[in-house]
Amino acid sequence: MKTKTLQELAEHVGGRLVGDPNILIREASTLDKAGCGEITFLSNPKYEPLVKKTKASAVIVQKEMECTAAQLIVEDPYYAFMQIVVLLHGHREHPKVGISPAAHIAQTAQLGPDCQVSQGVTISEHVKIGKNCYFYPGVFVGPKVQIGDDCIFYPNAVIYDGTIIGNRVIVQSNASIGQDGFGFATHKGQHHKIPQIGRVILEDDVEIGAGCAIERGTLDNTVIGKGSKIGDLVAIGHGTKIGPCCLLVPQVGIAGSAVIGHHVVMGGQVGVVGHIRVGNMVKIAAKAGVINDVPDEATVGGTPAIDVNKAKRAYALIEFLPEMRKKLKELERRLDDLSKENGQTTP
Amino acid sequence: MKTKTLQELAEHVGGRLVGDPNILIREASTLDKAGCGEITFLSNPKYEPLVKKTKASAVIVQKEMECTAAQLIVEDPYYAFMQIVVLLHGHREHPKVGISPAAHIAQTAQLGPDCQVSQGVTISEHVKIGKNCYFYPGVFVGPKVQIGDDCIFYPNAVIYDGTIIGNRVIVQSNASIGQDGFGFATHKGQHHKIPQIGRVILEDDVEIGAGCAIERGTLDNTVIGKGSKIGDLVAIGHGTKIGPCCLLVPQVGIAGSAVIGHHVVMGGQVGVVGHIRVGNMVKIAAKAGVINDVPDEATVGGTPAIDVNKAKRAYALIEFLPEMRKKLKELERRLDDLSKENGQTTP
Amino acid sequence: MKTKTLQELAEHVGGRLVGDPNILIREASTLDKAGCGEITFLSNPKYEPLVKKTKASAVIVQKEMECTAAQLIVEDPYYAFMQIVVLLHGHREHPKVGISPAAHIAQTAQLGPDCQVSQGVTISEHVKIGKNCYFYPGVFVGPKVQIGDDCIFYPNAVIYDGTIIGNRVIVQSNASIGQDGFGFATHKGQHHKIPQIGRVILEDDVEIGAGCAIERGTLDNTVIGKGSKIGDLVAIGHGTKIGPCCLLVPQVGIAGSAVIGHHVVMGGQVGVVGHIRVGNMVKIAAKAGVINDVPDEATVGGTPAIDVNKAKRAYALIEFLPEMRKKLKELERRLDDLSKENGQTTP
């Protein structure tokens, strides 16, 4: 951790200061836990009441508020907060291991400068790796994999043969990249495995969460677009294309041959069927089940997924179904009575 | 890749040719990507329009169509396609590693001929393995495990003690087979672990996807039936029996002591509660929640799962709930008015 | 397995015997599979009919029943059963490996007495481990991790830097503990990684299932409370606090900054959004989606989650939506007709 003055932080993020610029800030913390020498932030309005009470030395806010802490006013508090956490704490530092003698690196594998390969890592034949990549113990890199620069592979991540990985890609622990797609031809009740000859392509700046399973394509490639971030335990089907800058949170599942646009956000446990198109900048609410194409910029929820506001109103009424059904029967009875009086015979 | 003439492919799959039998086919590809020297196929009718446009040298179809490519006409295009992909591309070839000196094989473990064991593999005491099995790096095989012939274990797969595995079984990376079932006796608010003394049995020709978690039984065994294929990130509870030739796609979850018939197909993220029976040849739509027994040959969807056609009609109407509720109130009001006119007092 | 007389078992669990106290019991089994020399139990009333038919030598029941087997009558059959399984079968015995020369233990790591560390295990710098902990092959323990006594880490489990683990904690295979939380600041369409400086804390007697993914906190810690048991493939978001003695079954997902009380039970595939509070002793039905705070002792189901009995009644009626909608239209038509007769004009 590096200590900075509030002035230095304000300059770093280009913000306006309300309070003493010479306050020393040692670390970042939460609104409720922060104390002297610590900076915190407000981005979720739900926590606004905590700003008044915070014991932090400084708080990052969008507009000046009533509180005892010094205030650093910026347009995008969460982004400024990120910049400050990076400045004060930095990203994880990896143990220096160089090329461990207990790593298994094939003769024909090419590693760029400054790569570090831990014990128990396997780098197979004809692998090409750029510079400054880090491999934690137990990582497996299959034959003919291509990896760019500045990538990080956490323990026991598995990269199957032929996978193509760009620059600054991060793969968290126990993730599987490029295992066989779920492709079987069923004939006379038997399921026959179809060789999966496609690859997985992870473009630049992609992050893959812990325990994810990204299938290789049957013929075509499975692609995770530039800058997309995938949460933990996400399953991506064979041949699916995910555009740039998407956010898929944990336990999302997308079947095969789906096409997902750019800047798509999917909530937890969302499911998307195969062979459909989800447009650009689409937002999908947690647990939704998407079974049809979704147009650009739509926000959907529910199963089957519909416009999210419609869904909110509608799903909130499911609990009234018993009452509605009862009322229907009652109205029918009353109508029958009325009809009789009017000398009608019930149709 | 081996190059074949269209004639050779037609004979291999027993199909009828429309077009030049001497065309050379080098590889398989998709309708939209395929080019000269490539063969593609049509099985999903959704892609029929692409057949006209395909630049492939040949296309596998069920009935003759209007297109420029040569046509290979077969009863089951997807099955023929599988046969041709195997012929042209073959299945994955594994690096030749023999028995790595960096593998850890217990004194009492027995391996059949032609097994290959990579570095960092653990094969524990009293393990029995048949012939021609392949173990990728980081695989753990616990004490007293029995494995048949021609099995493949991908990197970091974990097989707990006592598991019984048949022939031609494939376990993808990071899968866990035989970990303790979720069995706790709760007494005075504390959860006491119950030793899980059952095993997992994977019968012949089973495939287990990446990151799966197949619990061992508490007393009874957990069984995955012959020829069943399990997708990625599937969780199977303790003591559950899955019949032969089932297809469970990614992220399916089945609780403990369930009994699943043969040729059952479950879509993505399906959940099945414990202690129920799902009949033979049942199909369960993606995301469905099954809480009751399902009869043979039923197709169900929704949560709780009902007949899938009923479910499709019904779930599509959830969005009309607000309108329906409004209408109900309106009709009641109108009935009240009518009743008054008729000198009735509203009941 | 140790053989005991029924008398010894009765004394061990403090139960009342109906039948010959000298019967020898060799092992525990299920009602339908148990035979001579075996003891079984009834706790799920669904299986009561099997008691009459069981061929077991003895059965553990809550009240005396009509059956040929000797009966061991106790207040809590499942708890007594657990005690007897432990007595007869014991918990898993781990291979004696001592400290393997093929393990990688950093200079500055401290291990207590009687720890066993298998080949291919990494224990990083500044790790502190108590006594009698067991590490299976491929386990990774990151820098500065603290671990108490009597913990078990199954193969390929990954514990990231700084994680704090109590006593008697069990982590099943391929689980990830402390990977980076899903935290990105989105600015001008780019997602910027926020260093995740919080930790994961697993308190005493916690068990983590196979393939789980427990994120570290952004600033605050992620906490799994004392005695809580987490099933397979569960995802826990950054900064979420789970109280003591909770049961989360497989495939549950909880987003970040949620606060879960004590003795909470969640069914399979339950999803809980971030930043909410789930009260003490709350029960959440399988597949439910919880989007709002839940009060203490509530039992909820459905998506969005509501009182579980309401939910059961309501969701069972979804299939009648088409019929209800049709009926609504019919009633409206009849009302229009009636109104006309009464010389009214439809409003």
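In what follows, chains are A, B, ... by sequence order, proteins preceding strands, each numbered from 1.
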Which side-chain N or O atoms in residues 304-313 of chain C pair as donor and acceptor under 3.5 Å with protein atoms at least two apart or in another chain?
| from | atom 1 | to | atom 2 | distance (Å) |
| --- | --- | --- | --- | --- |
| D307(C) | OD2 | N309(C) | N | 3.0 |
| D307(C) | OD2 | K310(C) | N | 3.0 |
| K310(C) | NZ | E319(A) | OE1 | 2.9 |

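- When heavy atoms are compared at a cutoff of 4.5 Å, C246(A) approaches chain C solely by way of its backbone atoms N, CA, C and O.
- Annotation: the span from D232(A) atom CG to L233(C) atom CG amounts to 11.5 Å, rounded to 0.5 Å.
- Ring geometry, H187(C) versus Y79(A): the interplanar angle falls under 30°, so the pair is classed parallel (tilted spans 30 to 60°).
- Annotation: E125(C), atom CD; neighbour count of heavy atoms from other residues, nucleotides and ligands within 6.0 Å is above 12.
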Fill in: Derivation and outcome, side chain to side chain contact (heavy atoms under 4.5 Å, CB included), residues T122(C) and S118(A)
CA-CA 10 Å; T122(C) 295; S118(A) 308; over 6 Å; no
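- Heavy atoms closer than 4.5 Å to chain C are found in the backbone of I230(A), but not in its side chain.
- Neither the backbone nor the side chain of Q196(C) comes within less than 4.5 Å of any heavy atom in chain A.
- For chain C, the nearby part of Y136(A) is the side chain; its heavy atoms alone come within less than 4.5 Å.
- Using modelled atom types, no side-chain atom of K287(A) and backbone atom of V290(C) make a donor-acceptor pair closer than 3.5 Å.
- Looking at V139(C), there are no atoms closer than 4.5 Å to chain A (heavy atoms on both sides), in backbone or side chain.
- Both the backbone and the side chain of Q179(C) come within less than 4.5 Å of a heavy atom in chain A.
- Once rounded to the nearest 0.5 Å, the distance linking CG of D32(A) with CG of L219(C) reads 10.0 Å.
- Each of G138(C), G189(C), G183(C) has some count of heavy-atom pairs under 4.5 Å with chain A, and the biggest count is that of G189(C).
- Here S173(A) contributes atom OG and I177(C) contributes atom CD1; the two are 9.0 Å apart, rounded to the nearest 0.5 Å.
- Heavy atoms closer than 4.5 Å to chain C are found nowhere in M281(A), neither backbone nor side chain.
- Taking the six-membered ring wherever Trp is involved, the centroid distance between the rings of F140(C) and Y154(A) does not fall below 6.0 Å.
- Only the backbone of A175(C) comes within less than 4.5 Å of a heavy atom of chain A; no side-chain atom from C-beta onward does.
- Heavy atoms closer than 4.5 Å to chain A are found nowhere in V272(C), neither backbone nor side chain.
- Closest approach of P250(A) to E215(C), counting heavy atoms only: CG-OE2, 4.1 Å.
- Defined by atom type and a distance below 3.5 Å, a donor-acceptor pair is missing between the side-chain atoms of Q172(A) and S176(C).
- Heavy atoms closer than 4.5 Å to chain C are found in both the backbone and the side chain of P322(A).
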Worksheet entry | side chain to side chain contact (heavy atoms under 4.5 Å, CB included) evaluation trace for Q269(C) with Q251(A) | CA-CA 10 Å; Q269(C) 301 181 335; Q251(A) 294 181 322; over 6 Å; no
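- In this structure, chain A has heavy atoms under 4.5 Å from both the backbone and the side chain of L331(C).
- Considering only heavy-atom pairs separated by less than 4.5 Å from chain C, the leading option among H263(A), K33(A), M82(A), R325(A) is R325(A).
- Atom OG of S257(C) and atom NZ of K46(A) lie 9.5 Å apart (nearest 0.5 Å).
- Proximity to chain C (any heavy atom under 4.5 Å) is restricted, for L248(A), to the backbone atoms N, CA, C and O.
- A pairwise comparison of heavy atoms in H191(C) and C245(A) identifies NE2-O, 2.9 Å as the closest pair.
- A salt bridge links D336(A) with R334(C): the distance from a Lys NZ or Arg NE/NH1/NH2 to an Asp or Glu carboxylate oxygen falls below 4.0 Å.
- Options P195(C), G142(C), A185(C) differ in how many heavy-atom pairs under 4.5 Å they form with chain A, and the most are formed by P195(C).
- Surrounding NZ of K226(A) are more than 12 heavy atoms belonging to other residues, nucleotides or ligands, all under 6.0 Å away.
- The nearest pair of heavy atoms linking H104(C) to A102(A) is NE2-CB, 3.7 Å.
- For F182(C), the part sitting under 4.5 Å from any heavy atom of chain A is the side chain, from C-beta outward, and nothing else.
- The heavy-atom pair separating L247(A) from T186(C) by the smallest distance is CD1-OG1, 4.3 Å.
- Contact record, I197(C) with A28(A): CD1-O, 4.1 Å, taken as the closest heavy-atom pair.
- Here the straight-line distance linking atom CG of D205(A) with atom NZ of K193(C) works out to 12.0 Å at 0.5 Å rounding.
- Of the two parts of E207(A), only the side chain, counted from C-beta on, holds a non-hydrogen atom closer than 4.5 Å to a non-hydrogen atom of chain C.
- Per-residue heavy-atom pair counts under 4.5 Å with chain C were compared for L321(A), N174(A), L328(A), and the maximum is reached by N174(A).
- Expressed to the nearest 0.5 Å, how far NZ of K229(A) lies from CG of D180(C) amounts to 11.0 Å.
- Nearest heavy atoms, I318(C) versus I318(A): CD1-CD1, 4.3 Å.
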